[in-house]
Amino acid sequence: MRVSKMFLSTMREVPNDAEIPSHQLMIRAGLMKKVASGIYSFMPLGLKAFRNVENVVREEMDKAGAQELIMPAVLPAEIYQASGRWNKFGPEMFRLNDRGGRQFCLGPTHEEPFTEAVRDSIKSYKQLPVTLYQIQHKYRDEKRPRFGVMRAREFVMKDAYSFDVDEAGLDVSYQAMYKAYCNIFDRLGLDYIVVDADTGAMGGSGSQEFMVKSSVGEDAICYCEGCNYAANEEKATCEPPKAAVLGEYEALAVEKIHTPNVKTIEELMGYMNAEPSSFAKTILYNIDGRIVAVMVRGDREINETKLGNLYDAVEINLAAFDDVERITGAKVGFAGPIDLKEEIDVVVDPEVLAMTNFIVGANETDYHFKNVNVGRDFTPTIVKDVRNVVEGDICPKCGKPLSICRGVEVGHIFKLGTKYSEALHCTYLDKDGKENPMIMGCYGIGVGRTLAAVIEQYNDADGIMWPYEVAPYKAIIIPTKTNDETIMGLAEDIYSKLQAAGVEVLLDDRNERPGVKFKDADLIGIPVRITVGRMAGEGIVELKLRNGGEVSEVSAAEAIEIAINPAKG
RNA sequence: CGGGGUGUAGCUCAGGUGGUAGAGCACUUGCUUCGGGAGCAAGGGGCCGGAAGUUCGAGUCUUCUCACUCCGACCA
């Protein structure tokens with residue numbers, strides 16, 4: 001491609017609505033353009049990089065035995081009504097009506113249509129297993145689109161669905177996808193980690209997320225340096241400290257302390273001259289209409305996912321102020337486990353069991369109790385891990401300290417089980433002629449998000465540094481003067497030889513100053529740069545690799561070799 | 001959904017107390033330049049997000065709306 005003919009506009013300035021490097025660079029390098037919040041057009045240069053990611057995904061899916069097809073994005077309401085998700089998705093689903101008033105949506109995820117398609121064409125165990133996939137646009141009306149295509153409202157996803165006769169079959173299908181995902185992210189050069197994840201609204205018996213480590217990631221990942229334990233913060237657990245045993249320590253007498261006008265734990269601790277870790281906070285939650293008290297150490301955060309799972313909850317919120325006041329008999333801020341006015345569950349994090357002579361709210365406005373001890377002063381209804389793991393907590397598998405980092409979720413694989421096959425009657429006949437629901441798995445990769453993650457990982461102050469596999473063009477030839485026959489002759493010669501070799505190559509034939517071309521080449525991140533200039537007469541060019549390294553003077557033939565296969569450089 | 005911020009040229013932004021629209025970059029033309037986003041000169045480009053109101057007169061003041069954005073909550 002000749003740059004002079006290319007539909008490309010690069011920007012010197014950082015667009016004011018782009019926060020993170022990948023988003024800024026995708027706009028500045030002219031890869032994409034915003035059309036509306038969370039909705040983007042891909043420009044030719046961006047699309048080429050996008051297709052490269054897509055093709056890696058496609059090749060690995062095909063290699064793993066999955067078969068590609070494509071479903072519509074516009075889908076009738078009925079199939080989502082059948083699974084109950086028409087209502088469950090709520091305002092996140094883009095909905096529309098046809099001229100006759102029939103309801104449709106833009107597909108947010110495609111378990112239902114895939115399940116329906118398989119139900120209609122597969123009847124026998126002999127036709128199973130099968131794994132199908134598509135690479136297609138998804139639509140979710142996110143409350144808060146962010147970071148360009150990292151969290152968009154229209155985005156491309158590779159979604160795959162496996163159908164098996166039994167759990168053992170699902171394990172095989174799941175492992176094949178797991179392996180394919182590793183191959184994909186390896187080929188894309190991403191630094192990723194596979195973590196155990198909460199299954200969330202998808203349901204099912206287990207799931208794992210593929211996380212690219214990144215400071216801009218929206219998820220917190222908990223992992224162990226000592227073993228292979230890794231989990232999303234939503235799911236991560238730790239080994240609790242040993243519970244204190246009454247009688248093995250000196251349990252002091254409970255005292256009621258007047259603590260007027262304290263609003264925060266910090267104020268309270270200042271008032272009582274104590275550390276937050278010597279306080280157990282009690283928070284009231286409304287879980288599907290039921291009020292529950294939850295206790296964790298004062299310096300910990302409650303993990304609402306774990307709490308919700310404990311009650312198999314659909315909706316979980318902090319309790320309303322008047323519920324709190326009715327149940328504790330005090331203003332908000334003084335809740336505790338002792339003398340609650342109503343019989344409610346008191347869920348206690350196991351870490352609290354290790355605390356002795358600690359402080360709690362007194363269920364009386366402006367008062368706290370000190371020297372409280374579990375077992376003597378109150379009894380938990382449930383003891384369960386309901387807090388977020390923190391740096392340094394003990395690994396539940398090997399006992400070493402856990403670390404926490406942030407990550408971008410680029411892939412997610414689920415063992416779904418029979419949730420959708422039962423809802424949509426997707427069954428097969430086994431050898432005995434008995435009807436069984438198929439056992440399903442589903443597997444997603446956010447293609448645009450993966451592309452953004454690649455850029456997030458591979459950039460510097462000058463721009464993008466594409467890994468070779470993703471680079472929209474592998475090499476760029478920069479003639480320093482376009483009116484010099486010797487220079488242009490050699491540049492054109494290299495250009496045609498690279499094209500003949502099947503290398504995607506750019507020739508920057510614009511009548512621009514060399515500095516402009518160098519800046520653009522760095523910004524758009526082409527891996528191999530061949531500058532044709534002063535020594536063109538001797539057949540010598542300058543070679544520079546975008547991912548570092550010095551400029552070297554080589555023969556045109558050598559430069560061509562390296563552009564074809566930079567690993568040799 | 002709660003709280004904040006911002007909407008003026010393709011991009012980044014300036015436009016006290018109301019008086020009819022600006023800069024830099026980008027774009028067009030010419031000249032000089034030409035190895036890391038050149039200089040000079042001349043140009044083109046605006047429903048000042050939209051609507052209503054106050055006023056002789058609104059980019060500027062008031063109200064309403066829409067969009068974008070940040071923090072939080074939420075999130076297969």
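A, B, ... follow the sequence lines: proteins, then strands. Residue 1 opens every chain.
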Inset, instruction - Nearest whole angstrom, please: distance from the C1' of B:rC68 to the CD of A:Glu19. - result: 13 Å

Legend entry - Nearest-Å distance once atom P is located in both B:rG22 and B:rU29: 25 Å

Inset, instruction - Give the rounded distance in Å between these two atoms: CG of A:Asn16 and P of B:rC13. - result: 5 Å

Legend entry - Cation-pi check, A:Lys544 onto A:Phe518 ring (under 6.0 Å, within 45° of axis): no

Inset, instruction - Identify, with sequence neighbours excluded, every residue that meets salt bridge (charged side-chain N to carboxylate O under 4.0 Å, His left out) alongside A:Asp462. - result: none

Legend entry - Spacing of the C1' atoms in B:rU28 and B:rG45 (rounded, Å): 11 Å

Which protein N or O atoms sit under 3.5 Å from an N or O of nucleotides 37-42 of chain B?
{"residue": "B:rG37", "atom": "O2'", "partner": "A:Arg12", "partner atom": "NH1", "Å": "2.3"}
{"residue": "B:rG37", "atom": "O2'", "partner": "A:Arg12", "partner atom": "NH2", "Å": "2.5"}
{"residue": "B:rG37", "atom": "N1", "partner": "A:Asp520", "partner atom": "OD1", "Å": "3.0"}
{"residue": "B:rG37", "atom": "N2", "partner": "A:Asp520", "partner atom": "OD1", "Å": "3.1"}
{"residue": "B:rG37", "atom": "N2", "partner": "A:Asp520", "partner atom": "OD2", "Å": "3.2"}
{"residue": "B:rA38", "atom": "OP2", "partner": "A:Arg513", "partner atom": "NE", "Å": "3.2"}
{"residue": "B:rA38", "atom": "N9", "partner": "A:Arg513", "partner atom": "NH1", "Å": "3.4"}

Legend entry - Between C1' of B:rC75 and CD of A:Glu218, the distance in whole Å: 10 Å

Inset, instruction - For B:rC1 versus B:rA9, give the span between their C1' atoms, rounded off to a whole number of Å. - result: 36 Å

Inset, instruction - Report yes if a side-chain nitrogen or oxygen of A:Ser37 is closer than 4.0 Å to either non-bridging phosphate oxygen (OP1 or OP2) of B:rU69; otherwise report no. - result: yes

Legend entry - Parallel, tilted or perpendicular: rings of A:His110 and A:Phe114 (30°, 60°): tilted

Legend entry - Distance between P atoms of B:rG59 and B:rU17 (Å, rounded): 13 Å

Inset, instruction - Starting from P on B:rC75, measure out to CE on A:Met93 and report it in whole angstrom. - result: 17 Å

Inset, instruction - Tell me what A:Glu209 touches on the nucleic acid: a base, only sugar-phosphate, or nothing, going by heavy atoms under 4.0 Å. - result: nothing

Legend entry - Ring geometry between A:Tyr192 and A:Phe210 (parallel below 30°, tilted from 30 to 60°, perpendicular above 60°): tilted

Inset, instruction - Rounded to whole angstrom, note down the P distance from B:rG2 over to B:rC61. - result: 26 Å

Inset, instruction - Quick one: sort the A:Phe50 and A:Phe42 rings into parallel, tilted or perpendicular, breaks at 30° and 60°. - result: tilted

Legend entry - Nearest-Å distance for atom pair CD/C1', residues A:Glu233 and B:rC75: 15 Å

